[in-house]
Amino acid sequence: MVMLDFKTLTMPVGIVRLLELFFTCISFSLVASVFHVNDPFWTWCMFTWCFCFCVTFLILILEFTAVSAKLSISWDDFTTAFAMVATLMVLTTSIIYPIYFSCSNCGEQIGATVTSFLAFILYSIEVVLTRAKPGEISGFLSTVPGLLKVLEAFVACILFICLDWNMYSREGALEWCVAVYSFCFIFALLVIILTISRLLPLSPVPFDKVLIVCNVLATLMYMTAVVIWPLYAFKNNPRPSQCSNQSYCLWDKLVVVSFMTCFNLVAYIVDTVYSFRLVLFISRT
């Protein structure tokens, strides 16, 4: 017999999720009512709003019917990880869409941008509400290092989207950078999957020690990528003159990759410092 839990809809997190449904639905409805654009950025924006709407709706249904308690996954880790991913996805969409598809006289596009930013704020609030508080026993993905792992994996996805075979195939040093992005992404994704599936306790070695070693290794690897990528990507490769007259230029992807590499390096440094702090100080007390 299905048990209905109305408290899940009246709690602060439940109210925030209902508002997320409302604003993401308005966003993709307004954009769909205008026109369809055969552009990867437009597709990304529509996918983001639809994906976040569907998963949020699924989470509400599973919690409302108490089915979530019967699932053999770490539900708190799953919902926290999704809230973090949705925050990052909606943020990028809220920036990309008005840049490429909006104008001063485009009412529907402006409305979709506003509701998208409101959805971003709501998902950020959900991350704050579901994040583990100091001294609280919770899943790994609800902690700061866990949220950083989601951030690192998301940034790596942006890097993969921006990468093109012609960018790095001409230089072995650039191929090393791609290997760095791939290795670190695989590890972050593996941690997320093992945490949600509750398989971390089965690890034969202490997870916190493995996490520190991999974080240090990832930080050192990203340090090399931060230096190597711009050094070789822009070597004898100035910005084409025609890019000044285009809203979208392939050369600009090199700049995006350089920036996101630096951003992920900062994330790994913070992750490493925080992991050392948890193991060396908090665990001893």
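Just so you know, these numbers use all the heavy atoms, side chains as well, and skip hydrogens, waters and symmetry mates.
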Legend entry - For Phe28 against Cys25, the heavy-atom pair lying closest together: CE2-CA, 3.4 Å
Inset, instruction - Evaluate the side-chain proximity of Phe187 to Val191: yes if any heavy-atom separation is below 4.5 Å, no if none is. - result: yes
Inset, instruction - Working to the nearest 0.5 Å, report the span between OG1 of Thr195 and CG of Leu141. - result: 4.5 Å
Inset, instruction - Treating Ile, Leu, Val, Met, Phe, Trp and Tyr as nodes and any side-chain heavy-atom pair under 4.5 angstrom as an edge, say whether Val227 and Val155 lie in one connected cluster. - result: no
Inset, instruction - Using the six-membered ring wherever Trp is involved, compare the ring planes of Tyr100 and Phe41 and label them parallel, tilted or perpendicular (cut-offs 30° and 60°). - result: tilted
Inset, instruction - Kindly indicate whether the side chain of Ser182, heavy atoms from C-beta on, has any atom under 4.5 Å from the side chain of Phe160. - result: yes
Legend entry - Salt bridge present between Lys149 and Glu152 (N-O < 4.0 angstrom): yes
Inset, instruction - Mind telling me whether Phe53 and Phe57 have parallel, tilted or perpendicular rings, with 30° and 60° as the class edges? - result: parallel
Legend entry - Leu211 side, atom CG; Thr272 side, atom OG1 - distance, nearest 0.5 Å: 8.5 Å
Legend entry - Aromatic centroids of Tyr232 and Trp176 separated by under 6.0 Å: no
Inset, instruction - Could you check whether the rings of Phe51 and Phe47 sit parallel, tilted or perpendicular, using 30° and 60° as the cut-offs? - result: parallel
Legend entry - Contact summary for Leu30 and Gly111, nearest pair of heavy atoms: CD1-C, 3.7 Å
Inset, instruction - Check whether Phe259 and Leu265 end up in the same hydrophobic cluster, where Ile, Leu, Val, Met, Phe, Trp and Tyr are linked by side-chain heavy atoms less than 4.5 Å apart. - result: yes
Legend entry - Qualifying residue, where the test is side-chain contact (heavy atoms from CB on, under 4.5 Å) with Leu147 and the options are Val127, Thr130, Thr87: Val127
Inset, instruction - Indicate, with yes or no, if Ile95 and Tyr123 share a hydrophobic cluster defined by side-chain heavy-atom contacts under 4.5 Å among Ile, Leu, Val, Met, Phe, Trp and Tyr. - result: yes
Inset, instruction - Locate the shortest heavy-atom distance separating Phe185 from Cys157; write the atom from each residue and the value. - result: CE1-SG, 3.6 Å
Legend entry - Check: Val257 and Tyr181 side chains under 4.5 Å, non-hydrogen atoms: yes
Inset, instruction - Find the distance between OH (Tyr97) and OG (Ser27) and round it off to the nearest 0.5 Å. - result: 9.5 Å
Legend entry - Parallel, tilted or perpendicular: ring planes of Phe78 versus Trp75, cut at 30 and 60 degrees: tilted
Legend entry - Euclidean distance, Leu159 CG relative to Met260 CE, rounded to 0.5 Å: 6.5 Å
Legend entry - Closest non-hydrogen atom pair, Cys177 against Trp229: SG-N, 3.7 Å
Legend entry - Minimum heavy-atom distance between Val90 and Phe120, given as atom pair plus value: CG1-N, 3.6 Å
Inset, instruction - Answer with yes or no whether the hydrophobic clustering places Met46 together with Ile161; edges join I, L, V, M, F, W, Y residues whose side-chain heavy atoms lie under 4.5 Å apart. - result: no
Legend entry - Between Ser116 and Thr93, a side-chain donor and acceptor under 3.5 Å: no
Inset, instruction - State the NZ-CD distance between Lys235 and Glu171, to the nearest 0.5 angstrom. - result: 6.0 Å
Inset, instruction - Start with the C-alpha distance between Tyr268 and Asn264, add both sets of side-chain angles, then the distance that settles side-chain contact (heavy atoms from CB on, under 4.5 Å), and finish with yes or no. - result: CA-CA 6 Å; Tyr268 274 107; Asn264 230 11; 3.9 Å; yes
Inset, instruction - Please check if any side-chain donor atom of Asn215 sits under 3.5 Å from a side-chain acceptor atom of Ser275, or the reverse. - result: yes
Inset, instruction - For the pair Cys45 and Val31, evaluate side-chain contact (heavy atoms from CB on, under 4.5 Å) and give the outcome as yes or no after the intermediate values. - result: CA-CA 9 Å; Cys45 294; Val31 173; over 6 Å; no
Inset, instruction - Evaluate the criterion side-chain contact (heavy atoms from CB on, under 4.5 Å) for residue pair Val34 and Phe101; output intermediate values, then yes/no. - result: CA-CA 11 Å; Val34 181; Phe101 307 108; over 6 Å; no
Inset, instruction - Can you establish whether the number of heavy atoms outside Phe263 located under 6.0 Å from its atom CZ is more than 12? - result: no
Inset, instruction - Say whether Leu163 and Phe234 are linked into one hydrophobic cluster, either directly or through other cluster members, by side-chain heavy-atom distances under 4.5 angstrom. - result: yes
Legend entry - Short side-chain to backbone donor-acceptor contact, Thr80 and Asp77, under 3.5 Å: no
Legend entry - Least distance between heavy atoms, Thr56 atom then Arg17 atom: CG2-O, 3.6 Å
Legend entry - CD1-OG1 distance between Ile96 and Thr113, expressed to the nearest 0.5 angstrom: 12.0 Å
Inset, instruction - Using the side-chain contact (heavy atoms from CB on, under 4.5 Å) rule, pick out the option among Leu62, Leu60, Ile59 that qualifies with Ser68. - result: Leu62
